[in-house]
Amino acid sequence: MSKALRPVDESMLTGESIPVDKKVGDEVVGATINKFGAFKFKGNPKVGQGIRP
């Protein structure tokens, strides 16, 4: 997360039914659902799994 403070739904990954608060600097993973407004994040691909030329 690079902007905002938002609760996000990570239930597809964790099975937890309660949204988790995310703040600036927290990691957001794929399959996370943002149900409350908008937030800005920056992708961080793993070495060898990023976009290829």
To the nearest 0.5 Å, what is the distance between OG1 (Thr32) and CG (Asp9)? 8.0 Å
Hits for side chain to side chain contact (heavy atoms under 4.5 Å, CB included) against Ile18, two or more places apart or cross-chain, chain-then-number order -> Glu16
Note, Pro7 side chain near Asp21 side chain (heavy atom, < 4.5 Å): yes
All side chain to side chain donor-acceptor pair (under 3.5 Å) counterparts of Thr14, not counting sequence neighbours: none
Side-chain cluster (under 4.5 Å, hydrophobic types only) that Met12 belongs to, other residues: Ile33
May I ask you to decide if Glu27's main-chain N or O and Lys22's side chain share a donor-acceptor pair within less than 3.5 Å? yes
